[in-house]
Visitor: 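Handing you a structure now.
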Amino acid sequence: MLNLHQDFLQPIFKYLSQEDAFALRTTCKAFNVAATSNKVVMRFLNRLKAIDRKVSVLSSEDASDTWCYTRFIVEFNRIANIQAQEIRNFITNIENLPKDDDIQKNVNLLRSLNEDHRIDLDILEKRHNVLEHLNATLIKKHIEVNVPYLDCSSSYITRFPESLFTDKELENFWKEIETMDCSKNQIRTLPNALGKCEALKRLYCNDNLLQSLPDSLCECQKLQGLFCSNNKLQALPKALGNCQDLTKIECSDNQLETLPESLNQCKELKLNCGKNRLKTLPESLCKRGALRELSCDRNELTTLPESLGESQELRVLNCYSNKLLSLPESLGKCLALTLLDCANNNLENLPKSLGNCQSIVTLRCYGNKLQTLPDSLGKCQNLKNVYCYNNNLLFLPQSISNCLALEELYCNHNQLKALPESIGNCARLRELECSYNQLQILPESLDNCTRLKLLNCNNNFLTVISPKIKDRFLLPFWYTKMLASQNTPPITVSLNMPNSSITITATNITKDDSKPQKDISNAEIKSQVKKPAPSEKTWLIKLATALVSTILFSFMIAASGGLPLMMALLLNAGITLSTTKATLMIVSLISGFAMAATLFALYHSGLALKTAILRCQQTPDQRFDSDCNAYDKQLTKLAENFSVNTTRTFIKPLRDIEPYISRTQLIQYKQFEISAFKEVLALNGEARNKAKIANIIAARKKVSCFRVSD
């Protein structure tokens with residue numbers, strides 16, 4: 001072992017941890033030679049570069065001794081760690097690999113090399129050769145020479161060996177291949193020889209560990225789709241735009257900081273670069289109008305290019321969850337735009353020119369600092385969905401009532417004091433969410449929205465509700481006025497009630513044409529809403545019935561027990577009977593069973609008698625409270641075994657809506673809750689986690705026609 005001088009090692013140790021410094025002294029053969037210059041170490045660096053082409057090597061004239069030794073140690077440790085991860089991947093997934101002797105042999109060889117703690121350059125090279133051969137074998141398993149398609153996804157591959165492209169038997173295959181799918185593996189680099197795939201149209205390499213793509217990819221002139229999401233890419237090839245047929249790039253969920261300027265050379269491009277580290281987009285990206293879809297969400301963008309308006313064929317713009325302060329005014333030139341999602345930014349206003357985008361269907365601008373929406377929005381005749389909640393909106397433009405195609409309007413969590421009076425012109429409106437505002441009145445014109453099935457005006461300052469809205473949405477839920485037509489859609493309304501927030505949903509009930517339908521006035525409804533609990537007379541009748549049953553069962557026990565006793569006395573008295581002893585035993589056995597059954601019935605009859613006596617001593621309110629408490633205890637016990645939520649937050653106490661429903665309905669509803677819980681608990685774990693208790697309860701409504709939820 002070479003004993004290097006401390007003065008020489010000191011500048012190297014500054015860059016190393018204590019473990020690396022120890023490895024420098026004990027394990028690296030590179031330092032076990034009598035070297036006085038960097039020429040010797042340079043040879044070892046070249047050997048490392050043969051293993052991993054990312055290793056940078058300077059000429060011996062430009063490299064100092066310190067640089068050479070330090071570079072060697074850093075690269076050596078990096079490659080050793082990567083190889084260890086690759087070996088661990090194969091050892092862990094050995095059961096999922098093809099049952100091939102060659103593959104199993106190589107995995108066992110890797111295991112033995114990994115157990116050798118004497119890691120040196122020779123071991124590194126042996127590991128490299130085995131990993132290359134093992135990965136090449138796994139990929140060849142998926143190659144069919146006459147099929148221009150390679151699917152080796154989810155095959156536990158850790159690298160794509162260059163040797164595959166030098167195999168003469170596969171030379172024509174690589175020239176003719178059109179689709180290559182190596183996604184969902186552990187690949188860190190793609191080979192430079194990828195440029196030999198002249199006919200390649202689609203490359204799927206998403207869900208890997210790629211840090212870069214080879215520049216030779218730009219030589220694939222027929223490339224149409226590049227899918228490299230969920231990797232560790234820091235940049236795309238600069239000349240990627242040379243592939244002018246490229247129409248789809250999926251590079252989301254990476255570490256990109258810039259995009260290539262050359263992308264504007266693509267003729268029609270759908271670009272998804274979301275969830276990266278982009279701070280700006282290249283101005284040239286939109287200049288030739290190549291963009292059709294742009295998704296740049298979840299980045300660090302503060303502005304969008306002003307040239308965005310030149311992309312007149314742009315249909316989709318997703319720029320949500322950035323740091324945008326404004327959108328370019330030129331956005332109004334994107335006449336083909338159908339979706340604009342600029343949610344969760346710092347926008348204070350939307351461009352006035354937005355009204356020129358008359359093809360727009362969906363506008364998502366929630367989670368910003370908007371105080372108003374542009375008046376020009378009324379020109380968008382195709383606008384169906386507007387999501388502008390969680391802003392600082394003081395009012396909605398009156399022109400929004402001109403959007404005759406509007407179906408969904410979510411403007412909750414703002415500072416709205418009123419809705420546009422002409423909102424009723426939006427006859428196709430299905431959902432209106434305006435909770436958590438400062439509304440004092442709802443427009444009467446809402447009654448014109450015959451398709452409206454969701455109206456949430458919870459947590460406002462409503463003092464006046466028009467009679468039309470009240471008659472339609474609030475009172476007639478459980479009566480024939482609202483349910484007279486089978487085509488009536490279910491309606492959901494959220495109301496402000498004392499100390500609670502309750503959503504009541506009406507369900508469609510089949511119309512009974514045999515019975516005459518009549519409208520019920522509000523006064524009649526209020527008089528019938530609260531039904532009395534069972535009277536004391538009812539419980540007295542139950543008490544008498546239980547008492548008679550108890551006496552009857554007692555006589556049956558005496559009779560069934562006395563029969564065999566009487567027959568035994570007759571035999572002992574010497575009276576001659578044709579009945580044998582066997583007959584006597586059978587009669588006694590039957591009589592015993594009858595006695596046991598009668599005793600069981602007598603026990604339950606006694607319990608019923610006890611319950612009836614206690615009920616007769618209670619007032620109607622005490623009886624009702626007792627029933628509710630019993631059901632609540634049973635629900636709580638069932639909820640403890642419910643894996644989704646051990647608390648009962650999804651079971652809304654119904655006491656707050658007693659003025660609106662009968663006590664009988666309340667008890668029936670609790671019975672259905674218990675039945676629904678038991679149905680959920682009968683499912684397996686995975687299905688139980690996905691089950692929604694509200695949906696199961698709604699499906700089991702046979703008596704009550706309402707649902708209460710948080």
Visitor: Only counting residues at least two apart or in another chain, list the ones meeting side-chain contact (heavy atoms from CB on, under 4.5 Å) with Arg298.
Guide: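 Checked Arg298 against side-chain contact (heavy atoms from CB on, under 4.5 Å); matches are Lys275, Tyr320, Ser321.
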Visitor: According to the side chain to side chain donor-acceptor pair (under 3.5 Å) rule, which pairs have a member within residues 217-242, sequence neighbours left out?
Guide: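 Side chain to side chain donor-acceptor pair (under 3.5 Å) check on residues 217-242 returns Asp207-Asn230, Ser229-Ser252.
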Visitor: So does Asp122 pair up with Arg47, basic N to acidic O under 4.0 Å?
Guide: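 Result for this pair is yes, salt bridge flagged.
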Visitor: What's the verdict on side chain to side chain donor-acceptor pair (under 3.5 Å) for Asn96 and Tyr156, showing C-alpha distance, side-chain angles and the deciding distance?
Guide: CA-CA 9 Å; Asn96 301 317; Tyr156 308 101; 3.2 Å; yes
Visitor: Measure the NZ-OG distance between Lys184 and Ser155 for me, rounded to the nearest 0.5 Å.
Guide: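 Between atom NZ of Lys184 and atom OG of Ser155 there are 11.5 Å.
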Visitor: I'd like to check the salt bridge (charged side-chain N to carboxylate O under 4.0 Å, His left out) partners of Glu144; sequence neighbours left out, ordered by chain and number.
Guide: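 Glu144: no salt bridge (charged side-chain N to carboxylate O under 4.0 Å, His left out) contacts found.
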Visitor: side-chain contact (heavy atoms from CB on, under 4.5 Å) with Lys105: which residues, sequence neighbours excluded?
Guide: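 Residues passing side-chain contact (heavy atoms from CB on, under 4.5 Å) with Lys105: none at all.
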Visitor: Taking 4.0 angstrom as the limit, do Glu268 and Arg292 come out as a salt bridge?
Guide: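 A salt bridge is present here (some side-chain N lies under 4.0 Å from a carboxylate O).
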Visitor: Going by the rule side-chain contact (heavy atoms from CB on, under 4.5 Å), which residues pair with Asn106 if we only count those two or more places apart in sequence or in a different chain?
Guide: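 Per chain and number, Asn106 pairs via side-chain contact (heavy atoms from CB on, under 4.5 Å) with Asp102, Val130, His133, Leu134.
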Visitor: Tell me, please, which residues at least two apart from Lys279 pass side-chain contact (heavy atoms from CB on, under 4.5 Å).
Guide: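 With neighbours one apart ignored, the set is Glu300.
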Visitor: What pairs with Glu176 under salt bridge (charged side-chain N to carboxylate O under 4.0 Å, His left out), at least two apart in sequence or on another chain?
Guide: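 Glu176 satisfies salt bridge (charged side-chain N to carboxylate O under 4.0 Å, His left out) with no other residue.
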Visitor: With Glu261, which residues qualify under salt bridge (charged side-chain N to carboxylate O under 4.0 Å, His left out), at least two apart?
Guide: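 Applying salt bridge (charged side-chain N to carboxylate O under 4.0 Å, His left out) to Glu261 gives none.
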Visitor: Is it the case that Arg188 and Gln85 place a side-chain donor and acceptor less than 3.5 Å from each other?
Guide: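 Arg188 vs Gln85: donor-acceptor pair found between side chains.
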Visitor: Sequence neighbours excluded, which residues qualify as ring-ring contact (aromatic ring centres under 6.0 Å, His included) partners of Phe173?
Guide: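 In terms of ring-ring contact (aromatic ring centres under 6.0 Å, His included), with neighbours along the sequence ignored, Phe173 is linked to no residue.
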Visitor: Determine, for Glu250 against Lys248, whether the closest basic-nitrogen to carboxylate-oxygen distance falls under 4.0 angstrom.
Guide: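 Looking at Glu250 and Lys248, the cut-off is met.
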Visitor: Which residues pass the salt bridge (charged side-chain N to carboxylate O under 4.0 Å, His left out) test with Arg277, not counting sequence neighbours?
Guide: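 Salt bridge (charged side-chain N to carboxylate O under 4.0 Å, His left out) list for Arg277, sorted by chain: empty.
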Visitor: Measure from the side-chain N and O atoms of Asn272 to the backbone N and O of Gly274, and report whether any donor-acceptor pair falls under 3.5 Å.
Guide: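 Side chain of Asn272 to backbone of Gly274, a donor-acceptor pair under 3.5 Å: yes, one is there.
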Visitor: Kindly write out the residues that satisfy ring-ring contact (aromatic ring centres under 6.0 Å, His included) with Tyr387, not counting sequence neighbours, or none if the list is empty.
Guide: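 Expected list: Tyr410.
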Visitor: So, Arg111 versus Asn108: side-chain donor-acceptor pair below 3.5 Å or not?
Guide: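 Result is yes, a qualifying pair exists.
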Visitor: Is it the case that Thr158 and Asn135 place a side-chain donor and acceptor less than 3.5 Å from each other?
Guide: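 Yes, because at least one side-chain N or O of Thr158 sits under 3.5 Å from a partner of the opposite role on Asn135.
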Visitor: Output all residues satisfying side chain to side chain donor-acceptor pair (under 3.5 Å) with Glu75, sequence neighbours left out; order by chain, then residue number.
Guide: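 Result, side chain to side chain donor-acceptor pair (under 3.5 Å) vs Glu75: Arg71, Arg78.
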Visitor: Is it the case that the side chains of Ser295 and Asp297 hold a donor-acceptor pair, with the cut-off being a distance below 3.5 Å and no angle test?
Guide: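 Short answer, no.
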